[in-house]
Engineer: 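Take this structure, written in structure tokens, and hold onto it; I'll ask about it next.
As the structure lists them, so they are numbered: ligands from 1, and atoms in each ligand from 1. Numbers here are sequence positions counted from 1.
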Amino acid sequence: MKASDLFIKALESEGVEYIFGIPGEENLDLLNSMRDSSIKLILTRHEQGAGFMAATYGRLTGKAGVCLSTLGPGATNLVTAAAYAQLGAMPMLMITGQKPIKASKQGQFQIVDVVAMMRPLTKFTHQISSASNIPARVREAMRNAEGERPGAAHLELPEDIACEETDAKVIVRSRFDIPHASDTSISAAVEMIESAQHPLILIGAGANRKYACQTLTAFIKNTGIPFISTQMGKGVIDERNPLFLGNAALSANDFLHRAIEHTDLIINVGHDVVEKPPFFMEQGGFEVIHINYVTAAIDPVYYPQQGVIGDIGNSIERLTRRITPQQSWDFSRFMEVKSHLDRHLLEGIDDDRFPLYPQRLVADVRKVMPDDGIIALDNGVYKIWFARNYKAHMPNTVLLDNALATMGAGLPSAMAAKIVHPDRRVMAICGDGGFMMNSQEMETAVRLKLDLVVLILRDDAYGMIKWKQANMGFDDFGLDYGNPDFVMYANSYGANGHRVTSAGSLAPLLEMCFNIPGVHLIEVPVDYSENDRILNHEINENSRLI
Ligand SMILES: Cc1ncc(C[n+]2csc(CCOP(=O)(O)OP(=O)(O)O)c2C)c(N)n1
Ligand SMILES: [Mg+2]
């Protein structure tokens, strides 16, 4: 069999459904091997878009998303997506081409050491130097990408290896179960939780990965212990739950930090230090139980006293069975904090001013999204508003990146979400800055005939940095720009462009767009003038008073 055919057969055996990417001449054998394959090629307009789509496919399915590029410039374009997958624990396999390695006639033209470039950004990176090794290398790349903690893997398939003949056979996936935590660590955790006075649960990104929602919901129901979520832990448990205190969108000085100050034990489920810390541990302060698939990465602000390491769902189920709710537990302070935060979150939801204020925008988006609707956020200051104010109802329905926190991923990740969940409503929410970093993928979305709403928050600036600039006491400088006419821009791609012209027209327009097939782009002018006052000052001051 030809090596490139074997490579594709190996990917088929792994259950790969799509390859996102842009082939170069060095990938043409592999591309040809895809002709009769069950794997669909999703051609993009930039390798970064392909990488973000593959990573999000991995995030949503737990199976590695696969992307493809040529050597040199194609591979360097994948670098940000590699970091996105690696930091965000999203399983992804990148395949890049290379000039012939046995006999090259083109000097160093386009050649960079891609394997070395990918090393700090991946769990596994390897140049395939013999066709007979393809089955083992593909299996090993997938095992690394998908195994806990998931991340990026990379294989380089040089041109001359891709066209070799081989009689090697595909290696099928091993069957295995994720190991369960030991009885000793479960018992230690039960003892710590029962003897605490104000235990508090924190739900992080890892809990969103393996759908631990049912067991966690039962744990909270049976114990009555209140919980908070990190940005990437949103939705594991329905945030309308009466025991939900709030989201740790800000690292400090928010209402829920009053609850964190008050706790003596945090039950930390699926947390990852790669997220902006939702709390800071201090010597002599509260203790932490780390419940996760892997032991905690230690950091100056994170050094849990107890680990419960193994399948999260199983650990939680066993803890639920073993824990007896205690008379001595006192959650009154937590519920007091919740009532203040809930009241604050209601402010501005019907604000009629135009351009729109973020609170109104978030509330209107929530209104048109069903429980299973997915919002995919790019990176900008609105991400904080959505994390704090948008109540997630189901796991993985708020796709945001609080790990690499890169701009440019909002549109591609929404596209991948729509491909994985064609029957759900999916909306990309982007700043005018982040959208323009990968806006070319509008063509891909139109070509794929995706039904998608792309909401662009227009402030004609890098608003997030303006907000930080104000927070640091600097005057406005250097962060404003112009924009294309987004309506004409969308129409030129064959998408449907819309512009919001009053606060009241956003929700009906969103509803209309979801009812008409195709890609819809909606420009919403936003007023960020109160970001500094509210996020930097008001929340800080009000939360100190409670
Ligand atoms: C690729 C990348 N470049 C720069 C940054 C730093 N950064 C974070 S948010 C931001 C501004 C975002 O602007 P926009 O997308 O318009 O959103 P806004 O905050 O204005 O709503 C910048 C420059 C980043 N996170 N990622
Ligand atoms: Mg902006």
Engineer: Using non-hydrogen atoms of the residue, decide whether Y528 is closer than 4.0 angstrom to ligand 1.
Structural biologist: yes
Engineer: Is the shortest N/O to N/O distance between V381 and ligand 1 below 3.5 Å?
Structural biologist: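 Among all N and O atoms of V381, at least one is under 3.5 Å from an N or O of ligand 1.
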Engineer: Which ligand 1 atoms, with their elements, are less than 4.0 angstrom from a heavy-atom of G463?
Structural biologist: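 Going through ligand 1 atom by atom, the ones under 4.0 Å from G463 are 13 (O), 18 (P), 19 (O), 20 (O).
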Engineer: Which is the closest N/O/S atom of D432 when seen from the Mg ion (ligand 2)?
Structural biologist: OD1
Engineer: Salt bridge check: are K234 and E239 linked by an N-O gap of less than 4.0 Å?
Structural biologist: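 Yes.
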Engineer: Answer yes or no: are there more than 12 heavy-atom neighbours, outside F280 itself, under 6.0 Å from its atom CZ?
Structural biologist: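 Above 12, so yes.
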Engineer: Quick one: which ligand 1 atoms are inside 4.0 Å of a heavy atom on D432?
Structural biologist: 16 (O)
Engineer: Does ligand 1 have an atom under 4.0 Å from some heavy atom of D378?
Structural biologist: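 No; D378 lies far enough from ligand 1 that no heavy-atom distance drops under 4.0 Å.
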Engineer: Are M427 and V454 packed together at the side-chain level, in the sense that at least one heavy-atom pair is separated by less than 4.5 angstrom?
Structural biologist: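 The answer is no; the side chains never approach within 4.5 Å.
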Engineer: If we count only N and O atoms by modelled type, under 3.5 Å, do the side chains of T70 and E26 hold a donor and an acceptor together?
Structural biologist: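 Side chains of T70 and E26: pair found under 3.5 Å.
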Engineer: Quick check on contacts: which atoms of ligand 1 are under 4.0 angstrom from a heavy atom of T406?
Structural biologist: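 By the 4.0 Å cutoff, the relevant atoms are 1 (C), 26 (N).
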Engineer: Which ligand 1 atoms are under 4.0 Å away from a heavy-atom of D459?
Structural biologist: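 That gives atoms 20 (O) of ligand 1.
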Engineer: Taking only non-hydrogen atoms of A461, do any sit less than 4.0 angstrom from ligand 1?
Structural biologist: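 Flag set, A461 near ligand 1.
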Engineer: Among all protein heavy atoms, pick the one closest to atom 6 (C) of ligand 1 and tell me residue, atom and distance.
Structural biologist: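 It is I465 CD1, 4.1 Å.
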Engineer: Contact between N379 and ligand 1, counting heavy atoms under 4.0 Å?
Structural biologist: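 So N379 counts as touching ligand 1.
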Engineer: Need the atom name: nearest N/O/S atom of D459 to the Mg ion (ligand 2).
Structural biologist: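 The atom in question is OD1.
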Engineer: Under 4.0 Å from a heavy atom of Y481: give me the atoms of ligand 1 that qualify, with their elements.
Structural biologist: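 Counting from 1, the qualifying ligand atoms are 16 (O).
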Engineer: At a threshold of 2.8 Å, where the distance has to be below it, does the Mg ion (ligand 2) have an N, O or S atom of D460 nearby?
Structural biologist: no
Engineer: F255 vs H344 aromatic rings, parallel, tilted or perpendicular, using cut-offs 30° and 60°?
Structural biologist: tilted
Engineer: Output yes if A461 passes the N/O/S-under-2.8 Å test against the Mg ion (ligand 2); output no otherwise.
Structural biologist: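 So A461 counts as coordinating the Mg ion (ligand 2), yes.
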Engineer: Counting non-hydrogen protein atoms only, what is the nearest one to atom 25 (N) of ligand 1? Give residue, atom name and distance.
Structural biologist: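 That would be A405 O, 2.9 Å.
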Engineer: Does this structure show an ion pair linking D451 with R425, if we count only N-O contacts that are shorter than 4.0 Å?
Structural biologist: no
Engineer: Ion pair present between K466 and D476, side-chain N to carboxylate O less than 4.0 angstrom?
Structural biologist: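 Salt bridge: yes.
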Engineer: Please list, in number order, the atoms of ligand 1 under 4.0 Å from a heavy atom of G434.
Structural biologist: 14 (P), 15 (O)
Engineer: What atoms of ligand 1 come closer than 4.0 angstrom to any heavy atom of G433?
Structural biologist: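 Result: 14 (P), 15 (O), 16 (O).
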Engineer: Do we see a donor-acceptor contact under 3.5 Å between the side chains of H271 and Y302?
Structural biologist: no
Engineer: Return yes when atom NZ of K276 has more than 12 non-hydrogen atoms of other residues, nucleotides or ligands closer than 6.0 Å, and no otherwise.
Structural biologist: no
Engineer: Within ligand 1, which atoms have a heavy atom of Y382 less than 4.0 Å away?
Structural biologist: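 So the answer, numbered in order with elements, is 17 (O), 21 (O).
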Engineer: Are R544 and E541 within salt-bridge range, i.e. N to O under 4.0 Å?
Structural biologist: no
Engineer: Locate the shortest heavy-atom distance separating L521 from A490; write the atom from each residue and the value.
Structural biologist: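 Shortest heavy-atom contact: CB-CB, 3.6 Å.
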Engineer: Would you tell me which option among Q48, M407, M464, M437 has the nearest heavy-atom contact to atom 26 (N) of ligand 1?
Structural biologist: M407
Engineer: Between D460 and R458, is there a salt bridge with N-O shorter than 4.0 Å?
Structural biologist: yes
